[in-house]
Asks: 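Dumping the structure here so I can ask a few things about it.
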Amino acid sequence: MPFDDPLRLPFLLLCAGVAAAVALVCAPAGAQSLQNKARESGCVDTPRVVEGSMYKCTTVSGASAYFNVPDGVDKSAAKRGPGAGSPAAAQPAPANFPRVDANTQKGRDDMRRKVLQDELVAEERLLLEARGAYNNGAPTALPEEQAQPQRYAERIARLRQAVQLHERNVEALRKELGLPR
């Protein structure tokens with residue numbers, strides 16, 4: 001059927017949309033199945049659970065379509081997609097998956113904590129040195145900087161950045177160790 005009239009296609013699309021809306025309103029809420037919702041959304045593949053009652057599928061154009069299916073509706077045709085909010089315990093580990101006993105893991109955790117504490121001590125020392133060199137934004141000018149104030153301002157900016165860097169590092173390490181800031 002050719003579309004001689006430029007308004008005919010939009011009119012037909014509008015009619016189809018109205019018909020779908022009427023079908024949704026007139027149909028009882030429980031009659032909506034996953035397959036019906038997928039068909040309404042234009043899905044060409046099996047819908048996958050995104051989270052809770054939210055589903056995702058691919059349309060003819062290749063775009064993703066998202067839709068909800070109310071509770072109490074048959075959802076048995078859906079696949080659970082990767083990262084679909086399914087708990088990790090629902091998927092058992094393979095039989096040959098390596099396991100670590102509690103003592104080995106505790107040793108690893110203790111070693112990690114020791115390394116982090118050593119890094120914290122080193123960063124706190126570097127922070128003290130950087131603050132001393134920065135001298136609250138007024139370090140002593142070097143002889144070559146007395147003649148060139150721009151070089152002095154650049155050194156102050158570098159020293160301020162060093163102080164800020166070490167402060168952020170100390171804060172991150174304290175957070176990682178669960179220590180107060």
Side-chain angles (χ1 to χ4, degrees), residues 10 37-38 40-71 75 78-181:
K37 293 290 273 189
E40 290 170 8
S41 299
C43 298
V44 294
D45 63 352
T46 304
R48 296 169 303 284
V49 176
V50 177
E51 184 177 319
S53 63
M54 176 70 73
Y55 291 81
K56 174 184 177 182
C57 68
T58 306
T59 62
V60 176
S61 65
S64 294
Y66 294 88
F67 57 92
N68 284 327
V69 177
D71 289 338
K75 303 175 188 175
K79 290 189 216 172
R80 285 196 101 35
S86 60
Q91 300 176 1
N96 61 352
F97 192 77
R99 302 241 182 241
V100 177
D101 65 286
N103 289 335
T104 303
Q105 187 61 46
K106 183 177 181 340
R108 289 176 182 175
D109 292 343
D110 291 344
M111 177 63 75
R112 179 177 175 274
R113 184 166 185 79
K114 170 101 173 75
V115 168
L116 288 172
Q117 287 173 335
D118 292 346
E119 286 181 22
L120 178 61
V121 168
E123 274 300 320
E124 287 175 335
R125 182 180 45 77
L126 291 171
L127 176 59
L128 285 174
E129 291 174 6
R131 282 182 177 161
Y134 182 60
N135 195 20
N136 289 328
T140 307
L142 300 174
E144 63 269 10
E145 294 171 340
Q146 291 175 349
Q148 298 176 346
Q150 181 60 29
R151 288 183 74 182
Y152 180 66
E154 290 171 358
R155 184 167 69 100
I156 290 175
R158 284 193 309 273
L159 291 171
R160 182 179 342 102
Q161 287 176 344
V163 169
Q164 290 171 343
L165 172 71
H166 294 300
E167 285 174 342
R168 286 192 305 264
N169 289 346
V170 166
E171 183 178 333
L173 287 166
R174 286 182 166 279
K175 182 179 177 184
E176 188 71 23
L177 287 166
L179 300 174
R181 296 180 185 155

Asks: By side-chain hydrogen bond (donor to acceptor under 3.5 Å, both in side chains), which residues pair with Gln105, not counting sequence neighbours?
Replies: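 With neighbours one apart ignored, the set is Asp109.
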Asks: My understanding is that only residues two or more places apart in sequence, or in another chain, count here; which of them pass side-chain hydrogen bond (donor to acceptor under 3.5 Å, both in side chains) with Ser64?
Replies: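 With neighbours one apart ignored, the set is empty.
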Asks: Does a side-chain heavy-atom distance below 4.5 Å link Phe67 with Pro47?
Replies: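 In short, these two side chains touch, coming nearer than 4.5 Å.
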Asks: Residues two or more places apart in sequence or in another chain: which of them pass side-chain hydrogen bond (donor to acceptor under 3.5 Å, both in side chains) with Asn68?
Replies: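 Per chain and number, Asn68 pairs via side-chain hydrogen bond (donor to acceptor under 3.5 Å, both in side chains) with no residue.
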Asks: Using the salt bridge (Lys or Arg N to Asp or Glu O under 4.0 Å) criterion, which residues pair with Lys106? Sequence neighbours excluded.
Replies: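 Only Asp110 meet the salt bridge (Lys or Arg N to Asp or Glu O under 4.0 Å) criterion with Lys106.
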Asks: Under a 4.5 Å cut-off applied to non-hydrogen side-chain atoms, are Arg174 and Glu124 in contact?
Replies: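 Yes, at least one pair of side-chain atoms sits under 4.5 Å.
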Asks: So do Leu120 and Leu116 actually touch side chain to side chain, heavy atoms under 4.5 Å?
Replies: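 No; the side chains remain at least 4.5 Å from each other.
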Asks: Got a second to check how far Glu176's CD is from Arg113's CZ, nearest 0.5 Å?
Replies: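 One finds 10.0 Å between CD of Glu176 and CZ of Arg113.
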Asks: Can you tell me how far CZ of Arg168 sits from CD of Glu123, rounded to the nearest 0.5 angstrom?
Replies: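 These two atoms lie 10.5 Å from each other.
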Asks: Ignoring hydrogens and angles, write down the donor-acceptor pairs under 3.5 Å from the side chains of residues 129-139, residues two or more places apart or on other chains.
Replies:
from: Glu129; atom 1: OE2; to: Arg125; atom 2: NH1; distance (Å): 3.4
from: Arg131; atom 1: NH2; to: Glu167; atom 2: OE2; distance (Å): 2.9
from: Asn135; atom 1: ND2; to: Ala138; atom 2: O; distance (Å): 3.1

Asks: To the closest 0.5 Å, what do you measure between OH (Tyr66) and CZ (Arg48)?
Replies: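 It comes to 8.5 Å.
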Asks: Is Thr59 close to Val44 at the side-chain level, that is, under 4.5 Å between some pair of heavy atoms?
Replies: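 They are not in contact (no side-chain heavy atoms under 4.5 Å apart), so the answer is no.
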Asks: Return the set of residues passing side-chain hydrogen bond (donor to acceptor under 3.5 Å, both in side chains) with Asn103 (not counting sequence neighbours), or none when no residue passes.
Replies: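 With neighbours one apart ignored, the set is empty.
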Asks: Side chains of Tyr55 and Val49: closer than 4.5 Å at any heavy-atom pair?
Replies: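 When only atoms from C-beta onward are counted, Val49 and Tyr55 do touch, with a gap below 4.5 Å.
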Asks: Side-chain contact test, heavy atoms from C-beta onward, threshold under 4.5 Å: evaluate it for Glu145 versus Thr140 and give yes or no.
Replies: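 A side-chain contact is absent here, since even the closest heavy-atom pair is not under 4.5 Å.
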